[in-house]
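One structure below.
The first residue of the sequence shown is numbered 1, and numbering continues consecutively from there. Everything quoted here is computed from the prediction, not taken from an experiment.
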Amino acid sequence: MSATRVALVHDWLTGMRGGEKVLEAIAELYPGATIHTLLHVKGTVSTALQQHPERRSFVQWLPSAAQHYRRYLPFFPTAIEQFDFDPYDLVISTSHCAAKSVVVPGRARHICYCHSPMRYAWDQFDSYFGPAQVGPGVSSLLRPVMARLARWDAATAGRVDRYVANSHYVAGRIRRYYNHGSDVVYPPVDTVFYRPDPAAEPEPSFLAVSALVPYKRLDLAIGAAARTKMPLTIVGRGPEEGRLRQVADATGASVRFTGWLEDEEIRILYQRCRAAVMPGVEDFGMVPVEAQACGRPVIALAEGGALESVVDGVTGIMVKEPTVEAFANAMSDCSTRAFDSAAIRRHAESFGKDRFKEQFTELVAQ
């Protein structure tokens, strides 16, 4: 394997969220690999990733791409297909949008670590581009564009030799939309860095760490915080920030928006929160595992990847319905329930980075 020429592909590099942490772990396995990406906003990812050689698409140089790259979504198929992989033997894509659709030479192998088939092109159009999000006129114009993108996404699914899903939930989506099987390897969580602080006492506040996008359903967490009169801290940025601030003001919720923070600051918030809150349907969700690695319970919707990372009643509370009332009840319950921090930590350790690297390396070797 040492002589194998490896290329990495990632949709875009605009922050160190869950997908980028997976890319970082894979990049550690291939320190000389070139990263191909639609665009890279300098200073937004780890030093380890920035040290890799890099190829960027023409999207990088479109007007205001760093701030509004999602506006260029219709150009992504053309951009991703223009990368040249002739020099490589192995291509590894980490994809939730277009990265899995690169064109590789016939002698090369393409492994895709799939975070999810393209959500907004398939089953979550209204959450991203519905009339309530972008207005009726823009929504009606975008619908055929996204339908065309979904057809392209399905038509190019065969360009991957082997799919690796980040959860059994996503494996089902890959089967449904791509008609392909997949292996499941849970994402890597740095359980050495994310650890409990024995001196930290839980504070009577809740924490959400998330990109501020529609499907995360942070409005439910804000509404629950207002109903229970419990403080909520939201770490993250995204196009929903303005609307979420309006929801907080309208409901009278005690919400603190911090923007993106350094990992060290987020770790302190994990260690001191009453619980982390995850009201949306996640493909897997690294945040709940990071919180559990810090010994803190998680309140999560009982759908999607959370069913694979949170043990109801042991490491958190699973909420059956996506309503403000249901999450408010869970927050009230969590405030009076005693959780075993050591048991929560032990569960999180099964999602460590070493485990990920070992399992992923075995799949590549096969």
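Here the rule is side-chain hydrogen bond (donor to acceptor under 3.5 Å, both in side chains) with S93, and of H110, H10, R159 only H110 fits it. Partner of I111 under the side chain to side chain contact (heavy atoms under 4.5 Å, CB included) criterion, chosen from T94, V91, D161, L90: L90.
Under a 3.5 Å cut-off, the side chain of E20 and the backbone N or O of R17 do form a donor-acceptor pair. With D89 contributing its side chain and T4 its backbone, the two residues share no donor-acceptor pair below 3.5 Å. Put simply, the side chain of T156 never gets that close to the backbone of S101: no donor and acceptor are under 3.5 Å apart. In this structure, the side chain of R296 does not engage the main chain of Q292 through any donor-acceptor pair within 3.5 Å. Using modelled atom types, no side-chain atom of T361 and backbone atom of E358 make a donor-acceptor pair closer than 3.5 Å. H36 contributes a side-chain N or O that, together with a main-chain N or O of L8, makes up a donor-acceptor pair within less than 3.5 Å. Under the 3.5 Å distance criterion, the side-chain polar atoms of E308 are matched with a main-chain donor or acceptor of H168.
Taking the six-membered ring for Trp and the full ring otherwise, F284 and H115 have centroids separated by 6.0 Å or more.
A donor-acceptor contact closer than 3.5 angstrom links the side chains of E24 and S46. Side chain to side chain, H347 and T315 fail the donor-acceptor criterion of an N or O pair below 3.5 Å.
The environment of CZ in F257 is crowded: more than 12 heavy-atom neighbours from other residues, nucleotides or ligands sit within 6.0 Å. For R337, the CZ atom is densely surrounded, since the number of other residues' heavy atoms within 6.0 Å is greater than 12. Within 6.0 Å of CD in E28 there are more than 12 heavy atoms belonging to other residues, nucleotides or ligands. Around NZ of K42, the count of heavy atoms belonging to other residues, nucleotides or ligands within 6.0 Å exceeds 12.
Sequence neighbours left out, the pairs with a member in residues 131-145 that pass salt bridge (Lys or Arg N to Asp or Glu O under 4.0 Å) are D126-R143. Within the structure, salt bridge (Lys or Arg N to Asp or Glu O under 4.0 Å) pairs that include any residue of residues 178-197 comprise R162-D183 (at least two apart or interchain). Listed by first and then second residue, the side chain to side chain donor-acceptor pair (under 3.5 Å) pairs that reach into residues 255-264 come to none, sequence neighbours excluded. Applying the ring-ring contact (aromatic ring centres under 6.0 Å, His included) test to residues at least two apart or on different chains, the pairs with a partner in residues 190-223 are Y194-Y270. For residues 268-278, the set of pairs meeting the salt bridge (Lys or Arg N to Asp or Glu O under 4.0 Å) definition, not counting sequence neighbours, is empty.
The shortest non-hydrogen separation linking L301 to G280 is CB-O, 4.1 Å. For A27 against L49, the heavy-atom pair with the smallest separation is CB-CD2, 4.1 Å. In terms of heavy-atom proximity, A154 sits nearest to Y177 at CB-O, 4.0 Å. Counting all heavy atoms, side chain and backbone alike, L73 lies closest to C97 at CD1-SG, 3.9 Å. Taking all atoms of both residues into account, the shortest heavy-atom contact from P288 to V298 is O-CG2, 3.5 Å.
A search for salt bridge (charged side-chain N to carboxylate O under 4.0 Å, His left out) contacts involving R217 returns D219, not counting sequence neighbours. Partners of A302 by side chain to side chain contact (heavy atoms under 4.5 Å, CB included), not counting sequence neighbours, listed by chain and number: L307, M318, K320. Partners of D283 according to the side chain to side chain contact (heavy atoms under 4.5 Å, CB included) rule, which considers only residues two or more places apart in sequence or in another chain, are S116, R119, N166, Y169, V170, R173. Every residue two or more places apart in sequence or in another chain was checked for a salt bridge (charged side-chain N to carboxylate O under 4.0 Å, His left out) with R151, and none qualifies. Listed by chain and residue number, D340, R346 satisfy the side chain to side chain contact (heavy atoms under 4.5 Å, CB included) test with A343 (two or more places apart in sequence, or in another chain).
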Sequence neighbours excluded and cut-off under 3.5 Å, please list the side-chain donor-acceptor pairs for residues 243-250, or say none.
{"unit_1": "R243", "atom_1": "NE", "unit_2": "E240", "atom_2": "OE1", "d": "3.0"}
{"unit_1": "R243", "atom_1": "NE", "unit_2": "E240", "atom_2": "OE2", "d": "3.4"}
{"unit_1": "R243", "atom_1": "NH2", "unit_2": "E240", "atom_2": "OE1", "d": "2.7"}
{"unit_1": "R245", "atom_1": "NE", "unit_2": "E241", "atom_2": "OE2", "d": "3.2"}
{"unit_1": "R245", "atom_1": "NH2", "unit_2": "E241", "atom_2": "OE2", "d": "3.1"}

Give the table of side-chain donor-acceptor pairs shorter than 3.5 Å for residues 55-63, with sequence neighbours excluded, one pair per line with atom names and distance.
{"unit_1": "R56", "atom_1": "NE", "unit_2": "E54", "atom_2": "OE1", "d": "3.3"}
{"unit_1": "S57", "atom_1": "OG", "unit_2": "L38", "atom_2": "O", "d": "2.7"}
{"unit_1": "S57", "atom_1": "OG", "unit_2": "V59", "atom_2": "N", "d": "3.2"}
{"unit_1": "Q60", "atom_1": "OE1", "unit_2": "H40", "atom_2": "N", "d": "2.6"}
{"unit_1": "Q60", "atom_1": "NE2", "unit_2": "H40", "atom_2": "O", "d": "3.1"}

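Side-chain heavy atoms closer than 4.5 Å link hydrophobic residues (I, L, V, M, F, W, Y) into clusters, and following such links, even through other members, never connects L269 to I344. V209 and V213 fall into different hydrophobic clusters, where Ile, Leu, Val, Met, Phe, Trp and Tyr are joined by side-chain heavy atoms under 4.5 Å apart, directly or via other members. In terms of hydrophobic clustering, with Ile, Leu, Val, Met, Phe, Trp and Tyr side chains grouped at heavy-atom distances under 4.5 Å, V364 and V184 are assigned to a common cluster. When the side chains of ILVMFWY residues are joined at heavy-atom separations under 4.5 Å, either directly or via intervening members, V287 and I268 end up in two distinct hydrophobic clusters.
R175 places none of its side-chain heavy atoms less than 4.5 Å from the side chain of Y163. Side-chain contact check for P187 versus F351: every heavy-atom pair is 4.5 Å or farther apart. In this structure, P202 and C273 have side chains that are not in contact, with every pair of non-hydrogen atoms separated by 4.5 Å or more. By the 4.5 Å heavy-atom criterion applied to side chains, K100 and I80 are not counted as neighbours. With a 4.5 Å cut-off on side-chain heavy atoms, T37 and V9 do not count as touching. Within the 4.5 Å cutoff, side-chain heavy atoms of L218 are placed close to those of S210. Looking at heavy atoms from C-beta onward, I317 lies out of side-chain contact with P297 at the 4.5 angstrom threshold. Between V185 and R355 the shortest side-chain heavy-atom distance falls below 4.5 Å.
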Quiz prompt | Test side chain to side chain contact (heavy atoms under 4.5 Å, CB included) applied to L232 and L207, step by step | solution = CA-CA 6 Å; L232 171 68; L207 174 67; 5.8 Å; no
Self-check item: Audit row: S309, Y186, side chain to side chain contact (heavy atoms under 4.5 Å, CB included) steps and yes/no
Solution: CA-CA 9 Å; S309 65; Y186 291 125; over 6 Å; no
Self-check item: side chain to side chain contact (heavy atoms under 4.5 Å, CB included) between I26 and Y30, worked out
Solution: CA-CA 7 Å; I26 294 174; Y30 306 99; 4.1 Å; yes
Exercise. Mind running side chain to side chain contact (heavy atoms under 4.5 Å, CB included) on L29 and K357 for me, showing each step along the way?
Key: CA-CA 8 Å; L29 295 171; K357 288 183 175 180; 4.1 Å; yes
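We find that E290 and R267 are not joined by a salt bridge, their nearest charged nitrogen and carboxylate oxygen being 4.0 Å or further apart.
Aromatic ring pairs are classed by plane angle as parallel below 30°, tilted from 30° to 60° and perpendicular above 60°; the pair F360 and F356 is parallel. Ring orientation note: the planes of F76 and W12 are tilted relative to one another, at an angle of 30° to 60°.
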